[in-house]
Amino acid sequence: MKEQYPFSEIETKWQAYWETNGLFKTDTASADDKYYCLMMFPYPSGTLHVGHGRNYIIGDAVARYKKMRGLRVLTPMGWDAFGLPAENAAIKTGTPPRESTLNNIAIMKQQLQAWGCCYDWDREVTSCMPDYYKWTQWLFLKLYKRGLAYKKEAAVNWDPVDQTVLANEQVLPDGTAERSGAKVEKKMLSQWFFKITDYAQRLLDDLAKLDGWPERVKSMQENWIGRSEGARVQFKLIPRPDGRADDETLVPCFTTRVDTIYGCTYMVLAPEYPQLDQLVDGLPEAEDVRAFVQRAGHLSAIERTTEGDKNGVFTGRHVENPYTGEQIPLWVGDYVLMEYGTGAVMAVPAHDTRDWAFARKYDLPIRLSIQNPEQSLQLDRMEEAYTEDGIVVDSAHFSGLPNREAIPQMAAYAEAQGFGGPVIQYRLRDWLISRQRYWGAPIPMIYCDACGMVPVPESDLPVLLPENVEFKPSGESPLKRCASFIETTCPKCGKPARRESDTMDTFVDSSWYFFRYLSARDDEQAIDSVQCNNWLPVDQYIGGIEHAILHLMYARFFTKAIHDMGLISFEEPFAQLFTQGMITKRSDMDGQLYKMSKSKGNVVSPEALIQQYGADTVRLYTLFIGPPEKEAEWNDAGVEGAYRFLRRIWRRVFEHRDLLREAAELTPNLDGMEPPERDLYRKLHESIQRITRDLEGDFHFNTAIAQIMELMNAVDDLAISADSSPSARAVFRETMESVVLLISPFAPHIAEELWQELGHPPSILQTPWPTVNEAALYRDEIEMVLQVNGKVRGRIMVGAEADQALIESEALANPQVQKWIEGRTVRKVIVVPGRLVNLAVS
RNA sequence: GCCGGAGUGGCGGAAUGGCAGACGCACCAGACUCAAAAUCUGGCGAGGGCAACCUCGUGUGGGUUCGACUCCCACCUCCGGCACCA
C-alpha cells in the first residue's frame, strides 16, 4: 500500500516517463499557439544550489501551466560554457577547461532533471563547442563588415587578478571587478570593441515598447545609457605666447547648461587630454602640468572619483569664449573625465557646484549669469553655486529670458554662428569585447605584414581553440604562446601571418543563444530566419536581476544589429521579462543575510533535501516562499510545511481511493446539492478562478499555492464517506481531481501519480487546465458587513436579489447597529452591493 | 544629488478604495497513544473586560473620502541603479 508517499520512487518514474515520451519536444515548424518560455542558461560552475533552483522551478511551473492551457511550449536549455573560472581552475589543477566544463555540465544537467525540470534537450546548445562558437565568430565577422566591430587603442579596464581587460559594465561602482573583486587599473591597449553606441538611441527608445518588462530593469538601462541633451561649443585657442603654432586651434566642450555660458570664467581639460602635452610644451608652466598629469594618472579610479577635493594647475594658455569674445584661462583639473564629452569643460563657478569648489580653491573669478526668481542673488553673499532655474542676466541679448528657454536659443545661436550647436551625449560607451584569455571564442582576425588586418574568410570558420596548450600562471594567454595557433597564412596574399590571440567576452556568446535554440543542429547557418521570425520574440524570459544591464542590454543590441543585417524581422528579443529575487540565507558565521555562496557558508544544496523530502516538496516550498520577484530568506522549517501539505493530499486520495474511483461517472449537479457540498463546490471554482488569475498575472505562485491549501481545508470540512450522497461524492471527486490538476505545475510528480491513481491515463501535462463554472460561484445568500461610521458593528445575511431599500431597512433594524445609532441622526447610508452597508451618523 | 522599489503580527507573507493579518512557519492547549512520532481539533496583533464586547493598530505627519495598508502631499528609514557625466 502506498499511503507512505514514496516520493523517490514516483519522482524517478515520472522523470523517465516525461523524457521517454518526449513531452517537452516541440515542433517549431509552425507558429500556431506558440509559447517560447526561456530561462537564462547557466554558467556550468559545478553544482547548483536551491537559490539557482528558483529560476528553473519558476520556468518549469510556467511551462507546465502553459502546456495545460493548450499552448505549444518551447523550453530549451543550454550552457554559457566559456568563462574564466574553468581556465583559472586549469592553471591550478591542470584539468583542461573543456574537460572540467563538460563534467560540470553533466552534473548540472542531472540536477535539473532531479528537480523535475523538463526541457527539449534536442535543442541543447553549449557555447564552448565549435558548432556553436563557429557562429559566434560568424556574427563577429558580420558586425565587422557593418563597421560595428573595430579595434582601437584606448584606456581600458585591466583586471590584474584575472589578467584581462573588462568591459565598463563589468566594473563595479567602487572600481573593483565584478567577477574577481580585484581593483581595476587603467591601461592603454589596442582592443576590440562593438559599436553599441550607434544603437544608444534605439536601445533607449525601444525600452518604452517593453511593457512586459519590470520598471526597475528599464530604469537601470535608462540610467546606463544616460542620454543627456546639451550643446557643443568650440572655444578658440589663443595663440601661444612664444609664437609657436598649435596642431589644433579649437577646444570643443560639451555642456548641458549653455544658458550659463556668459558666466564662464575659465576652462578645464582632463589630465588625459590628448593635445595637452603639446599645448604646454616649452612654456614655463609645462613642468607643473606634466607633474600634475603624472600624479593624477597614479590615482585609482576610486580616488579620482571620490567627490570633494578637486585639484588642478594653470596651463599658461588661454581660450576665447565664442559668445563673449573674452579670453579666459585654460586649466587642467582632475575632476574632468576624458571619457565623457570632449574631455574639456567650460567652468561656470556661479552655477555649478564643482566649478564653485575649484574656483574657490584656486581663487578664480566667479560671475553670475542666472538670477533666481526672487532676484535676491548677490555674488558676495553666496555660499554655494546657484544651480536652480532662473532668469538669464548679463548675457547680451539673451538677458531676461527664463534659462530653460535660453538653452535651445543659445544652442541655435552657436549653430548659426558656426561654433557649435545642440548635441546629444550618452553615457553608454562602446562594448569592449577583447579578452586576453584562452577559454573563449577566438576573434577571427589575421594580421598580415603586407595586407594589414584581414578577417578570416567565412569558409574557414570556425577558428578552433587549440587543445595542446599549457596553462601556466604567467598572466599571458596560452594562445599567445601557441605557435600552431598563432602562425597562419594571410587569406589575401598567402604570405605568413599571425592570428589574433584575444578571445571574445563570454557575454557575446550569450547575446544570441536564444536564436540558436530554433536551429541548434543546423550546420549551414547561424540563424534560421523563418523559424526565428515565427517563434521570437521570446514570450517569457526568466532570470536573475543581476543581468539587468549586462546581458539584457547586449542581447538587445545583438537583436537590433541582426535585424539590421536583414536576418530577422523583429527588434526586441524578449517580450516579457521576469526577474526573480535572490534566495538568501543567514550565515552561521555572523548571522547576517547573504545570497548563497560558499564563502559565506550558507549554501543549501538540493540533493539532501530531495533525498529527505522529494523534489516536489523542494519545488513547492521554493514557489511558496514569497512573491517570486522579491528576495526571500530560505528557512528549513518551511520545507517541512510544504512536505506536510503534499503528504496530506496524498493521504486524502488514498483514504478515499475506492470512493473516488467509483464516483467516476458522477457529475456534480447544482440542482440537487445540499449546503455542505454546495459550499465546497463554490470554493473549488473560486479557487480555480483565483489560481488561474495568479498564474496569468505576475506568477504569484505563493498565493496560488495558499489557495490550494485553503481548498484542501475546505475539503476536510466536508465529512465524506462511502455513505455520503451521490451529489456529495461527485463534488468530492471533482474537487480532488482539480486539486491534483491545479498543483501539477508546482509539484508535477505527485500530481502525475495521483492522476493515474484516480483512474486517468498519463500524462497530466496533456490534460486541460480546469475551467471555472460561473454558475458554481453564485450564492443565494450573501453576508453583509454592517458599519457605523466606517467601523464594523455587525453582520447580516441577505438574499442575493435583495434590493437597496430592503438591505437598508434590515441594516437599520439590526440590534448591534441600533446600539450605535440610538439617539443620533443617520445622515447617509452607503450600500455596497454584495459587500457592506455603512451608516454615517452624526 | 537624480531615478526605481519597499516599509503590515514572533517569522515568511495576504488583502479590484469596503471585515487588516488569507495561507504557511513557529508557539500554546487538547484528542489519539503505554509512550513518542505522525495525524486530527482549537487558540495565537497589542491593551482592557468574568463575559458580551470595547479601544488602539499596516514607517511618521497631514489631506481626499461615508470608508484609506490601498489615492494625494510632505517627510523618515531601508534596498537597488546612476553619479566630479559638465
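Chain A is the first sequence line, chain B the second, and so forth, proteins listed ahead of strands; every chain is numbered from 1.
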inquiry  = So if I define the base as every atom that isn't primed, P, OP1 or OP2, how would nucleotides 21-29 of chain B read as a B/S/- string at a heavy-atom cutoff under 4.0 Å?
reply    = -BBSSS---

Summary of protein contacts for nucleotides 44-57 of chain B, nucleotide by nucleotide, where a base hit scores B, a sugar-phosphate-only hit scores S (4.0 Å, heavy atoms) = ----------SSS-

ask   = Got a sec, which residues hit side chain to side chain donor-acceptor pair (under 3.5 Å) with Gln170(A), two or more places apart in sequence or on another chain?
value =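 Here the qualifying residues are Arg435(A), Asp505(A).
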
[N] and [M]: how far apart are their [atom1] atoms, nearest whole angstrom?
N: G21(B); M: G7(B); atom1: C1'; value: 16 Å
N: A15(B); M: A22(B); atom1: P; value: 12 Å
N: U16(B); M: C69(B); atom1: P; value: 13 Å
N: U41(B); M: C23(B); atom1: P; value: 13 Å
N: A29(B); M: A36(B); atom1: P; value: 13 Å
N: G59(B); M: U70(B); atom1: C1'; value: 15 Å
N: C28(B); M: C66(B); atom1: C1'; value: 41 Å
N: C54(B); M: G4(B); atom1: C1'; value: 44 Å

Classify [X] by what it touches in the nucleic acid, base, sugar-phosphate, or nothing, heavy-atom distance under 4.0 Å.
X: Gln787(A); value: base
X: Arg652(A); value: sugar-phosphate
X: Pro214(A); value: nothing
X: Ile625(A); value: sugar-phosphate
X: Asp352(A); value: nothing

Interatomic spacing from CD in Gln707(A) to CZ in Arg693(A) - rounded to 0.5 Å =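 Gln707(A) CD to Arg693(A) CZ: 9.0 Å, rounded to 0.5 Å.
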
key: Ile225(A) CD1 to Thr197(A) OG1 distance, which is reported to the nearest 0.5 Å   =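 That separation rounds to 11.5 Å.
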
query = Under the rule syn = chi within 90° of 0, otherwise anti, which is G9(B)?
reply =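 What G9(B) shows is a syn base, its glycosidic angle lying within 90° of 0.
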
message = Once you measure the plane-to-plane angle for Tyr5(A) and Trp650(A), does it fall in the parallel (<30°), tilted (30-60°) or perpendicular (>60°) bin?
response =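 Plane angle between 30° and 60°, so tilted.
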
message = Students often mix this up, so state it plainly: with edges at 30° and 60°, are the rings of Trp431(A) and Tyr554(A) parallel, tilted or perpendicular?
response =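 The rings of Trp431(A) and Tyr554(A) lie parallel, inter-plane angle below 30°.
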
task = Answer yes if the side chains of Tyr340(A) and Ser228(A) hold a donor-acceptor pair under 3.5 Å, and no otherwise.
result =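 Judged by distance alone, the side chains do pair up.
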
inquiry  = With a 6.0 Å cut-off on the ring centroids, do Phe645(A) and Phe624(A) count as close?
reply    =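 Ring centroids of Phe645(A) and Phe624(A) are no less than 6.0 Å from each other.
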
inquiry  = Using ring centroids (six-membered ring only for Trp), state whether Tyr643(A) and Tyr621(A) fall under 6.0 Å.
reply    =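 No, too far apart.
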
task = Could you check Val829(A), Val837(A), Leu786(A) and say which one makes a side-chain contact (heavy atoms from CB on, under 4.5 Å) with Ile807(A)?
result =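 Going through Val829(A), Val837(A), Leu786(A) one by one, the side-chain contact (heavy atoms from CB on, under 4.5 Å) with Ile807(A) is satisfied by Val837(A) alone.
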
message = Tell me if a side-chain donor or acceptor on Asn838(A) pairs with a main-chain N or O of Ile830(A) at a distance below 3.5 Å.
response =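 Pair absent, no side-chain N/O of Asn838(A) close to backbone of Ile830(A).
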
Whole angstroms only, please: what is the [atom1]-[atom2] distance between [X] and [N]?
X: Arg257(A); N: C2(B); atom1: CZ; atom2: P; value: 15 Å
X: Gln221(A); N: C3(B); atom1: CD; atom2: C1'; value: 14 Å
X: Leu204(A); N: C3(B); atom1: CG; atom2: C1'; value: 13 Å
X: Glu633(A); N: G13(B); atom1: CD; atom2: P; value: 9 Å
X: Tyr643(A); N: U39(B); atom1: OH; atom2: C1'; value: 13 Å
X: Glu215(A); N: G81(B); atom1: CD; atom2: P; value: 17 Å
X: Glu631(A); N: G12(B); atom1: CD; atom2: C1'; value: 14 Å
X: Gln425(A); N: C84(B); atom1: CD; atom2: P; value: 14 Å

inquiry  = Tell me whether the side-chain N or O atoms of Asn223(A) pair up with the base of C82(B) as donor and acceptor below 3.5 Å, since no angle test is needed here.
reply    =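 By the distance-only test, no, there is no pair.
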
task = Kindly say whether, by distance alone, the side chain of Arg835(A) makes a donor-acceptor pair under 3.5 Å with the base of C19(B)?
result =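 Result: no qualifying N/O pair found.
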
request  = Applying side chain to side chain contact (heavy atoms under 4.5 Å, CB included), name anything that partners Asn55(A), two or more places apart in sequence or on another chain.
outcome  =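 Side chain to side chain contact (heavy atoms under 4.5 Å, CB included) list for Asn55(A), sorted by chain: Met39(A), Ile542(A), Gln580(A).
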
query = Listed by chain and number, what are the side chain to side chain contact (heavy atoms under 4.5 Å, CB included) partners of Glu629(A), not counting sequence neighbours?
reply =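 For Glu629(A), the residues satisfying side chain to side chain contact (heavy atoms under 4.5 Å, CB included) (neighbours in sequence not counted) are Phe578(A), Pro627(A), His700(A).
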
RNA chain B: 5'-proximal contact among Ile549(A) and Arg827(A) (nearest heavy atom) =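 Its nearest nucleotide lies further toward 5', so the answer is Arg827(A).
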
request  = Report the residue (Leu839(A) or Val171(A)) whose heavy-atom-nearest nucleotide on RNA chain B is the more 5′ of the two.
outcome  =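 Of the two residues, Leu839(A) wins.
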
message = Within the structure provided, determine whether Val268(A) and Tyr335(A) are in side-chain contact (heavy-atom separation under 4.5 Å).
response =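 Of all side-chain heavy-atom pairs linking Tyr335(A) with Val268(A), at least one is under 4.5 Å.
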
What nucleotide among [options] has an atom nearest to a side-chain atom of [X]?
X: Thr255(A); options: C84(B), C19(B), A86(B); result: A86(B)
X: Arg427(A); options: A86(B), C82(B), C66(B); result: C82(B)
X: Pro627(A); options: A14(B), C19(B), G18(B); result: A14(B)
X: Trp224(A); options: C82(B), A14(B), A86(B); result: C82(B)

key: Base-pair map of RNA chain B as dot-bracket, where | denotes pairing with a different strand and pairs are Watson-Crick or G-U under 3.5 Å   = (((((((..(((.....[....))).(((((.......))))).((((....))))..(((((..]....))))))))))))....

query = So does Asp716(A) pair up with Arg652(A), basic N to acidic O under 4.0 Å?
reply =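 Answer for the salt bridge query: yes.
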
